[in-house]
Amino acid sequence: MAMVEINFDGLIGPSHNYAGLSHGNMAATRNAGATSRPRAAALQGIAKMRANLALGLTQGILLPHPRPDHRWLQALNTDYAAAPLPMKAQALSASAMWAANAATVSPAADAADGRCHLTVANLITMPHRSHEWPGTLAQLRLIFANPAFAVHAPVPAPFGDEGAANHMRMADHHDAPGIEIFVYGVSGGSFPARQRIEASESVARGHRLDPARTLFVEQSEAAIAAGAFHNDVVAVANGPVLFAHEQAFADKAGFYAALHERMPTAQIVEVPASAVSLDDAITSYLFNAQLVTLPGGAMALILPEEARANSRVWAWLQAMIAGNGPIRRLEVVNVRESMANGGGPACLRLRVVADPATIDPRFLVNDARLDQIAAVVEAHWPEAIAPSDIGNPALITQIEQAYAALMPVIGLTHAEAVGLIDSLP
Ligand code: SUG
């Protein structure tokens, strides 16, 4: 069985827009009211997937959710035409694109039952994200139907869970038993802490993790208050390497000591605040990079263009590469449309360590499959959405037709596509 890391990227949906729905997410707040470009956004995401394929990585895809979410509006005893404007925007959000928030994933090597476990994130802190989970659960049950996987329903309210964005795994190799690190928030100044420890603990129990190899680490209040609404804005791990900002964690010394005790081979690449401030880290999304192991064994950091545009961040990265550290290569990608809503390269992907033969092949992509998907995007995704368009019935029709056009290209039957919408409460 060939176990590899598969990055499942969320295809950016046709309703991508800037409604400023995420309090505590600086980029989304800054760009509230701007005009979005859904077609360009989705093509940027597809270009990132192509770049990862070119590096020799295995690439999967998660589908956008049907929007507006009529089912959610119905549960709120309204419909799209009658709903007040903020609720229209919440129902229309394309936020499922940020696949790092879809679920928490524990590879089989970490679980007592030898299965790969996925728990769908409830995302209950933000109204526009709180209705993602039924669509995500339906989709993950389709993709990971093989008995090699266990797909769990979300943690119940009120314990907020935002999935893999607050979870890191370190291991000598992808298929070796690892240390799982759950990062939770207690306080974020005037911003919400979205990940509750009770949720993280519940996920760890459900995934049948060894408590001796599981850490629960508090995110620093300063990081959340500066705009790190998820841990993956200030830290990322891959293999035996943790790449983190000096101010990412509430008790850095305690965390590092606990990590080294459990994993003597762990390597920590820490960026000091004196070189890159929290503000620079958050505006550049330096840490929202994909830290990946290339087929040859070297590690690369897949960064957003915003990281190259910040001279302090880029200078630090150049110095790092010139040194002898474990991260040997930098790759820069353009995901500006997603970045403007606070979603960098790492937000757009969910990592799953698995044998590709156990995955529904319709959700794995190569260049030819991406060509087909890009053609649907070119033909059907709206070119632009201005704030004043949100109530426009013609736009809603276009968004719904775009979603419908995608389904046959992915290879979903009508029943499967309907199941993604209707099979759940
Ligand atoms: O939850 N933005 C997302 C960005 C998620 C980024 N994910 C990770 N860091 N893993 C969020 O804040 C903005 C949508 C809007 O305002 O319309 C938004 O939801």
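Both counts, for ligands and for their atoms, begin at 1 and track the order of listing. Position 1 is the first residue of the sequence; numbering continues from there.
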**Request:** For the pair His70 and Tyr80, name the ring-plane relationship: parallel under 30°, tilted 30 to 60°, perpendicular over 60°.
**Result:** perpendicular
**Prompt:** So Phe182 and Phe216, would you call those rings parallel, tilted or perpendicular, with 30° and 60° as cut-offs?
**Reply:** parallel
**Prompt:** Among all residues two or more places apart in sequence or in another chain, which pass the salt bridge (charged side-chain N to carboxylate O under 4.0 Å, His left out) test with Arg37?
**Reply:** Glu337
**Fill in**
Per side chain to side chain contact (heavy atoms under 4.5 Å, CB included), Leu76 is matched among Met87, Gln90, His131 by Met87
**Asked** Has His173 got more than 12 heavy atoms of other residues, nucleotides or ligands less than 6.0 Å from its NE2?
**Response** no
**Asked** Has the side chain of Arg262 got a donor or acceptor atom that lies under 3.5 Å from a matching backbone atom of Leu259?
**Response** no
**Asked** For ligand 1, what are the residues with a heavy-atom contact below 4.0 Å?
**Response** Asn17, Ala19, Gly20, Leu21, Ser22, Asn25, Ala28, Trp98, Ala100, Asn101, His128, Arg129, Ala165, Arg194, Phe229, His230, Asp232, Asn341, Gly342, Cys347
